[in-house]
Asks: 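I have a structure I would like to understand better, so I am pasting it below and will then ask my questions one at a time.
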Amino acid sequence: MEKNKLVTTKKVVTFGEIMLRLTTPGFRRFSQANEFIATYGGSEANVAVSLANFGIPTEFVTRLPDNAVAHACMASLRASGLGTEGIVWGGDRLGLYYLECGAAFRNSNVVYDRAGSSFATLRPGMIDWEKIFADAGWFHWSGIAAALSQDGADACLEALEVADRMGLTISCDLNFRKKLWNYGRTAAEVMQPLVQYSDVIFGAEPEYKEILGIQPVGFKATNATDTSFESDLPAFEAFGQKVSELVPRCKKIFLELRNSITSNHNLLAAVLYSDGSLKHTGIYNIEHEVDRVGTGDAFVGGLIYGLISYPNDDQKALEYALAASALKNTIYGDFNLVTVEEVESLMNGNTSGRVSR
């Protein structure tokens with residue numbers, strides 16, 4: 001992938017499902033809840049909102065039902081600064097997901113209600129990709145869009161073929177969700193041909209295992225100065241080399257690494273394999289997590305921004321992506337509502353949390 005292909009003057013397009021998120025308040029269990037907090041979210045929409053907050057022209061493409069809830073969702077997207085001209089209308093319902101937030105030693109739990117949603121019944125030919133990509137330079141999608149149905153996977157292929165023909169940079173978040181792959185084909189079967197279009201791939205280690213069959217190295221750090229991470233770097237470099245061999249087109253392979261001590265205490269780091277070598281970050285020790293959902297999407301939004309904004313500095317792009325993800329752990333909801341200045345401040349070591357007056 002040539003560096004000059006990482007354009008800065010054209011928009012980024014992301015594609016996927018946005019859902020109504022219903023969260024139990026105050027860390028309650030589903031069995032305790034008599035009300036839910038309603039917000040919107042979904043992986044590719046989350047990436048788009050991050051990019052819009054960072055000042056990158058971004059358009060989100062999906063399919064929505066023509067009803068009042070979906071129009072409210074559209075208004076939320078527009079309020080976040082996203083282009084919505086590529087959204088198509090049709091189908092019967094907006095997808096839902098229910099979230100029970102974990103605490104201490106109790107895990108979070110997600111229940112999906114998206115079968116038969118407008119996006120799940122999307123088929124090839126419903127979206128005019130040539131029109132959408134006419135003024136675009138980057139296309140981002142994820143494995144979730146291909147997990148819901150064979151028609152959805154075929155729609156992803158359609159978008160990838162057009163984006164490739166029109167010369168866009170293509171990024172993929174592997175985004176394996178076990179609960180979604182229910183239409184008779186495995187994630188590896190469907191995703192392996194699709195990821196071959198990728199210039200940039202992001203994923204957690206278990207996702208690379210599910211899609212490409214590569215065994216994880218493991219991230220075992222328990223504090224910000226843990227030396228076990230550095231001793232494992234040669235193994236992560238070999239991991240990146242294996243991905244590169246399996247997806248020859250891909251030139252930038254990202255892994256965000258997380259070790260969960262409890263539901264609210266996590267350690268984060270990241271590595272990038274590119275140009276035959278490995279780059280890595282330090283470790284963030286997040287002891288008071290507010291909301292873990294969307295942290296991977298925040299990383300992806302940060303890395304796309306970083307690759308566009310720092311085209312000659314992969315290390316800085318990697319550091320930016322991880323700092324953006326670390327900050328998302330402090331933000332309630334799916335969207336990472338932070339600015340470039342806040343991310344760069346954290347990159348530069350400002351971790352005081354003092355009141356800004």
Side-chain angles (χ1 to χ4, degrees), residues 1 4-18 40-64 73-74 76-89 118-119 122-146 148 152-175 194-195 197-202 249-250 252 294 296-309 311 321 334-336:
M1 180 173 56
N4 63 9
K5 193 180 178 185
L6 299 179
V7 293
T8 58
T9 57
K10 295 184 178 182
K11 71 184 180 184
V12 175
V13 174
T14 76
F15 169 60
E17 182 171 30
I18 189 165
Y40 298 100
S43 179
E44 304 83 2
N46 300 343
V47 172
V49 170
S50 282
L51 289 166
N53 283 334
F54 298 150
I56 300 292
T58 308
E59 181 167 349
F60 175 61
V61 178
T62 193
R63 184 171 184 246
L64 297 175
C73 177
M74 171 80 87
S76 175
L77 294 171
R78 288 175 173 164
S80 297
L82 301 186
T84 57
E85 294 79 9
I87 290 178
V88 296
W89 299 92
S118 291
F119 188 86
L122 175 71
R123 298 189 305 276
M126 289 183 172
I127 296 173
D128 186 346
W129 289 111
E130 290 196 0
K131 180 179 179 181
I132 290 167
F133 292 150
D135 57 347
W138 193 300
F139 175 57
H140 175 73
W141 70 289
S142 93
I144 293 174
L148 300 175
D154 293 341
C156 290
L157 177 60
E158 177 187 49
L160 290 166
E161 289 176 339
V162 177
D164 182 46
R165 175 163 48 81
M166 296 180 69
L168 277 68
T169 297
I170 297 173
S171 59
C172 173
D173 181 350
L174 297 177
N175 248 346
L194 299 179
V195 299
Y197 289 87
S198 303
D199 299 301
V200 179
I201 294 179
F202 164 80
R249 168 170 167 165
C250 185
K252 298 186 188 295
D297 307 323
F299 185 96
V300 174
L303 80 84
I304 294 174
Y305 173 85
L307 292 172
I308 290 173
S309 301
D334 271 50
F335 298 159
N336 193 23

Asks: Within the 4.5 Å heavy-atom criterion, are Lys252 and Thr169 side-chain neighbours or not?
Replies: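 A side-chain contact under 4.5 Å is absent here.
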
Asks: With rounding to the nearest 0.5 Å, note down the distance linking CG in Leu122 to OG1 in Thr62.
Replies: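 Here the rounded value is 7.5 Å.
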
Asks: Report yes if the side chains of Trp138 and Leu168 come closer than 4.5 Å at any heavy-atom pair, otherwise no.
Replies: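 No, side chains not in contact.
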
Asks: Less than 4.5 Å apart, any side-chain heavy atom of Val47 and any of Phe60?
Replies: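 No, every pair of side-chain atoms sits at 4.5 Å or beyond.
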
Asks: With distance as the sole criterion, is a donor-acceptor pair present between the side chains of His140 and Ser171 under 3.5 Å?
Replies: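 Ser171 and His140 do have a side-chain donor-acceptor pair below 3.5 Å.
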
Asks: Just do the salt bridge (Lys or Arg N to Asp or Glu O under 4.0 Å) check on Asp135 and Lys11 with the steps written out, would you?
Replies: CA-CA 7 Å; Asp135 57 347; Lys11 71 184 180 184; 3.0 Å; yes

Asks: Could you tell me how the ring of Phe119 sits relative to the ring of Phe15: parallel (under 30°), tilted (30 to 60°) or perpendicular (over 60°)?
Replies: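 Rings of Phe119 and Phe15: tilted, 30 to 60°.
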
Asks: Please enumerate all residues that pass side chain to side chain contact (heavy atoms under 4.5 Å, CB included) together with Glu130, with sequence neighbours excluded.
Replies: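 Once residues adjacent in sequence are excluded, the partners of Glu130 under the side chain to side chain contact (heavy atoms under 4.5 Å, CB included) criterion are Asp128, Val162, Arg165, Met166.
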
Asks: Do Asp297 and Asn175 touch side chain to side chain, with heavy atoms closer than 4.5 Å?
Replies: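 Yes, side chains in contact.
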
Asks: Considering only heavy atoms from C-beta outward, does the side chain of Val49 approach that of Tyr40 to under 4.5 Å?
Replies: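 Val49 vs Tyr40: side chains apart.
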
Asks: Would you call Leu174 and Ile201 a side-chain contact if the rule is heavy atoms closer than 4.5 Å?
Replies: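 When only atoms from C-beta onward are counted, Ile201 and Leu174 do touch, with a gap below 4.5 Å.
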
Asks: For Thr84, check side chain to side chain donor-acceptor pair (under 3.5 Å) against everything at least two apart and list the hits.
Replies: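 In terms of side chain to side chain donor-acceptor pair (under 3.5 Å), with neighbours along the sequence ignored, Thr84 is linked to Arg78.
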
Asks: Look up atom NZ in Lys10 and atom CZ in Phe133, then write down how far apart they are to the nearest 0.5 Å.
Replies: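 Rounded to the nearest 0.5 Å, the NZ-CZ separation comes to 12.5 Å.
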
Asks: Tell me, do Ile308 and Ile304 make a side-chain contact under 4.5 Å, heavy atoms counted?
Replies: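 The answer is yes; the side chains approach within 4.5 Å.
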
Asks: Mind checking whether Phe335 and Asn53 have side chains closer than 4.5 Å, heavy atoms only?
Replies: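 Sidechains of Asn53 and Phe335: no contact.
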
Asks: Between Asp199 and Ile170, is there a donor-acceptor pair closer than 3.5 Å when you use the side chain of the first and the backbone of the second?
Replies: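 Yes; judged by distance alone, with no hydrogens or angles, the pair exists.
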
Asks: Quick check for you: to the nearest 0.5 Å, what is the distance between Leu303 atom CG and Asp173 atom CG?
Replies: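 Here the interatomic distance stands at 9.0 Å.
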
Asks: Looking at every non-hydrogen atom in both residues, tell me the closest pair between Leu194 and Ala153 and how far apart they are.
Replies: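 What the structure gives for the nearest pair is CD1-O, 4.3 Å.
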
Asks: Could you check whether any side-chain N or O of Glu59 sits under 3.5 Å from a backbone N or O of Ile132, counting only pairs where one atom can act as donor and the other as acceptor?
Replies: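 No: the side chain of Glu59 does not pair with the backbone of Ile132.
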
Asks: What distance do Glu44 atom CD and Ile144 atom CD1 have between them, rounded to the nearest 0.5 Å?
Replies: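 The CD1 atom of Ile144 is 5.5 Å from CD of Glu44, to the nearest 0.5 Å.
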
Asks: Are the side chain of Asp334 and the backbone N or O of Gly42 linked by a donor-acceptor pair below 3.5 Å?
Replies: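 Looks like yes, one N/O pair under 3.5 Å.
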
Asks: Could you walk me through whether Phe139 and Leu160 satisfy the side chain to side chain contact (heavy atoms under 4.5 Å, CB included) test, starting with their C-alpha distance in whole Å, then the side-chain angles of each, then the deciding distance to 0.1 Å, before giving a yes or no?
Replies: CA-CA 8 Å; Phe139 175 57; Leu160 290 166; 3.9 Å; yes

